[in-house]
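Throughout, numbering of the chain's residues begins at 1 and tracks the sequence.
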Amino acid sequence: MSSQDDQGKLATLNLLVGYLKLLGPKMNVVLHSASHLQRLSKALMQVLELDVKDVKIVEERLWQGPEGPRELSGSLTGRLHEGSGPRKCFRFFTDGRVFLLLRQVVQILGYYGELYLLVDHFMELYRESAAYRKQAAMVVNELVAGAAGQGVEVLHERETAPSKEELQAAVASVSEEYTDPANWHLATSVEGEDLGVEPAGKYSGLVAVPSEAGTFASSSSQIESRGSILSGLHKQVCIQLEGLGRFAVVLEKDFRQLLISVLYPVLEKAGDGVLLIRQAAMGAVADICQACGYDSPSDLICQNADYLVDRISLHLRRLTRDLHALQVLQAMLRHAEANVLPLVGDVIQDVLTALDRSPRGPRTSIHRVSWFVPGHQTEGSLEQDSGRLLGEDGRREGRSAALPTPEEMEAFFQGYIRQKQIAGGDLLETENGEAGECLPALDAESNDPGSEVEAPLPVHAQMAKEVMERCVHLLSDKSLRVRQKVLDVLELCVVVLQPHQNHLLPLAHRTWPALVTRLTNDDALAVLRAFRVLRTLGASSGDFLRRRFSKDVLPKLVDSLVTQAPVSARAGPIYSHTTAFKLQLSVLQGLGALCQALDLDESDLHHVANACLPYLSAKQPERLQAAARSVFRHWMQMDPDAAWLFLSEVWCPRAYEPPHPSLRPVRLRGMGEKRNEFTDSVRGLLDELP
């Protein structure tokens, strides 16, 4: 095969498959010959060598199945098709049919051969050399499937098939080897290298000019070498995860006996930072669910939550040395439903406590967990809260059917006046008898079921509150990556605490100074996330933010838009891929809704309109023009008269009549030919006025 093209390799492999089928049960005679087994195994190791130099700038998000590539979602619950998994690139062939024939060869070996002999031999190759590890794992996965008789085409039936106990023993041995820390906890990313302090440099803040201080010092050959090593480790972990899924399919419900040793490592990879590994892990989870009779990944996690929580708690005791427990907790929170939250509540408290006393190292991983505490539980827990609120509304409607009597209204207002007097200290100057007479009445009112008492926070909201308190202290962290993740967490905390303004507003007040710093004096990547937090906070706490936004943020935001407008107008097509463009686009897309939510006064709106006006020019990128038009549309919804007067000053042709008789067009003097740049955008906006 070494000197053949893919067509020649197909012919050679078809010939080999035919020989193996003809041998049938007599194959064991050949396999018991050490020299023959050695030559066959080394040939498979060489032919199945993977190409680990296919380093991609963008991670591949497609899952390769027999029917072609398809998108893999985190909620996958069906069994993966045979032969599916991450797309494999081999060094010595490119035709996928060659790999299918190689799989068929190995499955036939597993069907007729002695299972223990073959598994032991290839696992010895797995341990012997890192160069053979990936190929040996692929062969062992197919050997077990072939021994179970899954999808194997043969000419003769085998004399004796391995029993369930033999299959289970072989699977247990291989699974233990796969999940051994030396083969499982591989350095699949260089994230840990970037957690230090970034090089000193002036941040652009809202000006959106990315800093050039952080550059790679490594040569291209070093980068390529590192990428090849990481790609090889990614593929090794994915192949091992595929194998665990195949083993579950082989053993079916008997695989439940191995869950106690397999589930925790698989969920650990489901929370990995590498997309390819996460997808492979969720594929294994899907296979385990269907093989063991679980309805979904959520059902699998909930029914085994006690065991998982116990192991997470055990590993949290040495958090500074072992961060993998946080990946398991992340996977549980991401793929389970809200009913798992009470089971992991104590563990989450342990994580937050560990964050308070931990060194800088684990902070990124801890916040990866914190992301999903408020974020994922919003859907399930808030749904329960909404049901509870609907129940309260129903009770209120029932009470409203019977209106209060005048006596009840009088007692209510008298009680209100007495409480106000006591709060102001007025009743302390009265005689003891009067004060004594008031106390029983107040006690009676305090026991009144109709009195307003602040309800305790739901579990998910209480967790979000505690997480947000930690975010306040970490918004000024020296690591850009930590600041980015803290801002992501902060946005989700605001979303969860929106129905609980009494708790959200004090936290927002504490967060505001650090958030302003992130908006006005930070890297563009952090500014992007900080502006998203501002939009989310403004949507729920407009009155609280109005004055602060106008004073602390709006002037610098307007200056940055004005400064960047000439840059984007002169830029070419490549500009749309820069961080500066993304920041401009994000600000323009969210600014209109933010102004409307904050209900800014007319002078602030004119400042915003003047800053956005240059983006209506035809010289600007189309997406920036559309985003700028959205700002004016929001203004038109708030005050159509003021918006009309502003736009008509910029551009109003002689023949164009205002949409309402009370509005009079005012022509702009001295604009000249420059007015033509704004014709399409402004004319379209004027036509949209009600």
Point-to-point distance, once rounded to the nearest 0.5 Å, from CG of Asp120 to OG of Ser173: 7.0 Å

Pairing of Arg529 and Asp488 as salt bridge, 4.0 angstrom limit: yes

Stepwise side chain to side chain donor-acceptor pair (under 3.5 Å) check, Ser35 with Ser33: CA-CA 6 Å; Ser35 60; Ser33 168; 3.3 Å; yes

From CA spacing to verdict: salt bridge (Lys or Arg N to Asp or Glu O under 4.0 Å), Arg127, Glu177: CA-CA 9 Å; Arg127 302 183 196 98; Glu177 189 73 32; 3.3 Å; yes

Side chains of Gln104 and Glu142 in contact at under 4.5 Å (non-hydrogen atoms): no

pair Phe255-Val262: side-chain heavy atoms closer than 4.5 Å: yes

Donor on one side chain, acceptor on other, Gln327 and Glu268, under 3.5 Å: no

Glu159 vs Pro25 side-chain heavy atoms within contact, under 4.5 Å: yes

Close side-chain approach of Asp254 to Val171, heavy-atom, < 4.5 Å: no

Euclidean distance, Leu267 CG relative to Met332 CE, rounded to 0.5 Å: 7.5 Å

Donor-acceptor pair between Glu176 and Ser261 side chains, under 3.5 angstrom: no

Between CG on residue Leu16 and NZ on residue Lys9, distance to nearest 0.5 Å: 14.5 Å

Over all atoms of both residues, closest heavy-atom pair of Trp184 and Lys269: O-NZ, 2.9 Å

No-hydrogen, no-angle side-chain donor-acceptor test under 3.5 Å, Tyr132 and Glu124: no

Side chain proximity check, Leu300 to Asp295, heavy atoms < 4.5 angstrom: no

More than 12 heavy atoms of other groups within 6.0 Å of Leu117 CG: yes

Atom pair CD/CG of Glu252 and Leu167 - distance to nearest 0.5 Å: 11.0 Å

Full working for side chain to side chain donor-acceptor pair (under 3.5 Å) between Tyr112 and Gln107: CA-CA 9 Å; Tyr112 288 118; Gln107 288 175 358; over 6 Å; no

More than 12 heavy atoms of other groups within 6.0 Å of His32 NE2: yes

Verdict with reasoning, Gln135 to Glu49, per side chain to side chain donor-acceptor pair (under 3.5 Å): CA-CA 6 Å; Gln135 302 95 296; Glu49 184 176 352; 5.1 Å; no

Check: Ser298 and His335 side chains under 4.5 Å, non-hydrogen atoms: no

Counterpart residues, side-chain hydrogen bond (donor to acceptor under 3.5 Å, both in side chains), relative to Gln38 (two or more places apart): none

Distance in Å, Leu48 CG paired with Met138 CE, rounded so as to fall on 0.5 Å steps: 5.0 Å

Test log, rule salt bridge (Lys or Arg N to Asp or Glu O under 4.0 Å), inputs Glu242 and Lys88: CA-CA 12 Å; Glu242 276 184 63; Lys88 298 178 180 66; 3.0 Å; yes

Contacts of Phe90 that satisfy ring-ring contact (aromatic ring centres under 6.0 Å, His included) - sequence neighbours left out: Phe93, Phe99

Distance-only donor-acceptor check, side chains Ser313 and Asp350, under 3.5 Å: no

Non-hydrogen atoms of Leu259 and Tyr307 that approach each other most closely: O-OH, 3.8 Å

Nearest-0.5 Å distance that lies between atom CG in Leu50 and atom CD in Gln236: 10.5 Å

Side-chain heavy atoms of Val486 within contact of Val489, under 4.5 Å: no

Sub-4.5 Å side-chain heavy-atom contact between Gln349 and Glu466: yes

Minimum heavy-atom distance between Ile239 and Asn141, given as atom pair plus value: O-ND2, 3.2 Å

Where Glu157 and Tyr111 come nearest, the two heavy atoms and their spacing: OE1-OH, 2.9 Å

Criterion side-chain contact (heavy atoms from CB on, under 4.5 Å) against Val328, the qualifying member of Val347, Leu263, Ile312, Val266: Ile312

Ser41 and His121: side chain donor to acceptor below 3.5 Å: yes

Electrostatic pair Arg133:Glu128 at N-O distance under 4.0 angstrom: no

Ring-ring centroid check His315 Tyr264, cutoff 6.0 Å: yes

